[in-house]
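To find a chain, count down the sequence lines: A is the first, B the second, and so on, and within it residues start at 1.
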2 protein chains.
Amino acid sequence: MTETSSQEATAESPPEQSTPSRRELNKAATRSSIASAALDLLRSNGSGNFTVEDIAASAGVSRRTFFNYFPSLEAALASVADGFMDHALEQFRLRPEEESILESAQAALMALADPMSVAPMAELFSLTQDNRQLARSELEAWEHCTEQIIDAARSRLGTGISELYLHALAGSVISCGKAAMTVWFTEHGPDLSPKSLAALRQHLIDAMGLLGAGFAPPSHTSSQTAAASPSVPTTKDRF
Amino acid sequence: MTETSSQEATAESPPEQSTPSRRELNKAATRSSIASAALDLLRSNGSGNFTVEDIAASAGVSRRTFFNYFPSLEAALASVADGFMDHALEQFRLRPEEESILESAQAALMALADPMSVAPMAELFSLTQDNRQLARSELEAWEHCTEQIIDAARSRLGTGISELYLHALAGSVISCGKAAMTVWFTEHGPDLSPKSLAALRQHLIDAMGLLGAGFAPPSHTSSQTAAASPSVPTTKDRF
DNA sequence: TCACATACTTACACTAAGTGCAAGTTTGCA
DNA sequence: TGCAAACTTGCACTTAGTGTAAGTATGTGA
């Protein structure tokens, strides 16, 4: 997402990085106040039980202004997920060039398993599960993230790399991240205790391990031991 | 998708398989006439340039009836993709029990690379690319397919299998299928010649090969040779 | 073949999403 | 201070999507 949400009001000159001018600050404030109003309403009313008008009123802006910032109600809520994933992408891009994509991805995902990052995402996850529209937006967020990874990986591996490789790898990495989050959430719900987060972290490691090992052994034990040695993949009985 | 689209009008008694009664036939006919009217309008007007009312009129039903069959304009178009993916899932479920999931998946995907199956999907792909809403529906279709694979794989591997394994594997398989289709489409557009379809088939094989090999070697050659030996995965430089 | 129940279609009315436009208000800058 | 550009807002309009009640087709049992 990230820039997807910038609308009419913001369409042209994103003044790069310097001078957070008054206008910039105002816009950022409005934007985040709309987003958090939306999240509050989601919390209090449940998904599907409030309108854009409600959000706008609660954020102290007009309905029209809401649509100047977000193209839809779902987009306003998805901005939470966007922040989460942008954070992950940032981590990914900071990894050393010579590291393998899988390792970088694992490291980036790891950075997400701290309470500060994962808390809003987990909450959104829990509040979102029963709503088609919101689930769609989440899919879109993952998809956007995949595209970003493809770009990042391409610029790291050089343009000679096969596009199929890039797409398949990025898609699989994201799928594994998604799988880890999904499984973690169905097991722990919105529990953000250190123990629960450790489980999430382990799931992320395991999932990436499975991917790196070509999903070799269909382990029948619990997930904890599913991918015992991600860095020494067993290469038998594959396929 | 599949049953997702059945709406109010169809909510209760799906008479399993026997006796395609008059009512069943009528409903099926109406449904497909709506779907093809939607596709026709997509072809002639381009995405975003027609309304549900147009579709209903063109299919000879009321607007309300349209919504009795599909929950949205996108859903009507997505029924094409649904058919495609249902076909793939059917192939998957027909594979022998003892075969590995990856092999079954590859075989199932392979069945899609014939003109009859892929033609409508490819057309939808090409007509869809520029439209957010439609792209979303497609994501949803892939997602639904992933869930079906999870179910199928679970019932094959037994319930003792780790949920993380199932989710990560199914997601990755679908990602690879998606990657193959995407890359193929950007290279060949809506070209359905035998040569083009052979390329699609090769992409599917390569992508699954990469997955089975844990995305080991970042090959710098073209996709054709990217995963030379999917059944004899090279296991070096991984991670 | 008639009647009756049930399934399906349709018209109508209503709420809410999303957008273009023009007039107001705020901010940046000379 | 004053002007231009950016931002907000109200208004009007089209379209999506849904509930409801009345109409039409279909299956069934006598």
Side-chain angles (χ1 to χ4, degrees), chain A residues 4-15 18-34 38 41 45 47-78 131-134 136-137, chain B residues 4-15 18-34 37-38 41 45 47-57 59-78 131-134 136-137:
Chain A
T4 303
S5 325
S6 311
Q7 287 314 109
E8 293 90 335
T10 326
E12 348 62 16
S13 57
S18 63
T19 27
S21 77
R22 182 57 156 282
R23 273 199 177 125
E24 303 302 316
L25 293 176
N26 284 347
K27 281 204 320 189
T30 303
R31 189 181 168 79
S32 89
S33 101
I34 292 175
L41 283 166
N45 294 14
S47 78
N49 302 319
F50 58 101
T51 71
V52 168
E53 191 145 17
D54 297 334
I55 300 174
S58 163
V61 298
S62 73
R63 201 178 77 95
R64 193 63 183 80
T65 293
F66 174 94
F67 284 112
N68 285 344
Y69 281 89
F70 298 101
S72 68
L73 188 153
E74 293 78 37
L77 290 169
N131 184 306
R132 274 183 77 84
Q133 290 290 310
L134 292 178
R136 277 197 219 185
S137 296
Chain B
T4 304
S5 327
S6 309
Q7 287 315 109
E8 295 90 336
T10 325
E12 348 60 17
S13 58
S18 62
T19 28
S21 76
R22 181 59 156 279
R23 273 197 178 126
E24 302 302 315
L25 293 176
N26 284 348
K27 282 204 319 189
T30 303
R31 189 182 168 79
S32 88
S33 102
I34 292 176
L41 283 167
N45 294 15
S47 78
N49 302 320
F50 58 100
T51 70
V52 169
E53 191 145 18
D54 297 334
I55 300 174
V61 299
S62 74
R63 201 178 77 94
R64 192 63 182 81
T65 293
F66 174 94
F67 284 111
N68 283 345
Y69 281 88
F70 298 100
S72 68
L73 188 153
E74 293 77 39
L77 290 169
N131 186 304
R132 274 183 77 84
Q133 290 290 311
L134 292 179
R136 277 196 219 185
S137 297

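In this structure, B:Y69 reaches the C:dT9 phosphate: one of its side-chain N or O atoms is under 4.0 Å from OP1 or OP2.
Proximity note for B:V52 (side chain, C-beta onward) versus D:dA25, C:dT9, D:dA16: the nearest is D:dA16. The side chain of A:F67 sits closest to C:dA17 out of D:dC7, C:dA17, C:dT9. Out of C:dT10, C:dG18, C:dC8, the shortest distance to the side chain of B:T65 is found at C:dT10. With C:dA16, C:dT9, D:dT9 as the candidates, the nucleotide lying closest to the side chain of A:V61 is D:dT9.
Rounded to a whole Å, the CG atom of B:N68 is 18 Å from the P atom of D:dG23. Regarding A:K27, its NZ atom lies at a distance of 14 Å from the C1' atom of C:dT26, rounded to whole Å. In this structure, B:L73 atom CG and D:dG17 atom P are separated by 8 Å, rounded to whole Å. Between B:E74 atom CD and D:dT15 atom C1' the separation is 12 Å, expressed in whole Å. Straight-line distance from the CD atom of B:E53 to the P atom of D:dG17: 13 Å, rounded to whole Å. Summarising the geometry, the separation between CZ on B:F70 and C1' on D:dA16 is reported as 16 Å, rounded to the nearest angstrom. Rounded to an integer number of Å, the gap from CD of B:E24 to C1' of D:dA25 is 14 Å. Residue B:N26 contributes atom CG, which lies 9 Å from atom C1' of D:dT26 at whole-angstrom precision.
Along DNA chain C, the nucleotide nearest B:G60 and the nucleotide nearest B:Q133 are compared for position; the residue whose nucleotide lies closer to the 5' end is B:G60. In terms of position along DNA chain D, the nucleotide closest to A:S62 lies nearer the 5' end than the nucleotide closest to the other residue of the pair B:S72 and A:S62.
Residue side chain A:R64 reaches the base of C:dG20 through a donor-acceptor N/O pair under 3.5 Å, judged by distance alone. In terms of polar N and O atoms assigned as donor or acceptor, the side chain of A:R63 comes within less than 3.5 Å of the base of C:dG18 in a complementary pairing.
Proximity of a side-chain donor or acceptor of B:T65 to a complementary backbone N or O of B:N68 within less than 3.5 Å is not detected.
For the atom pair CG (A:L77) and CD (A:E74), the distance works out to 7.5 Å, reported to the nearest 0.5 Å. Considering CD of B:E53 and CZ of B:F66, their distance stands at 11.5 Å, rounded to 0.5 Å. To the nearest 0.5 Å, the span separating CZ on A:F50 from CD1 on A:I55 amounts to 5.0 Å.
Within a 6.0 Å sphere centred on CD of A:Q133, heavy atoms belonging to other residues, nucleotides or ligands number more than 12.
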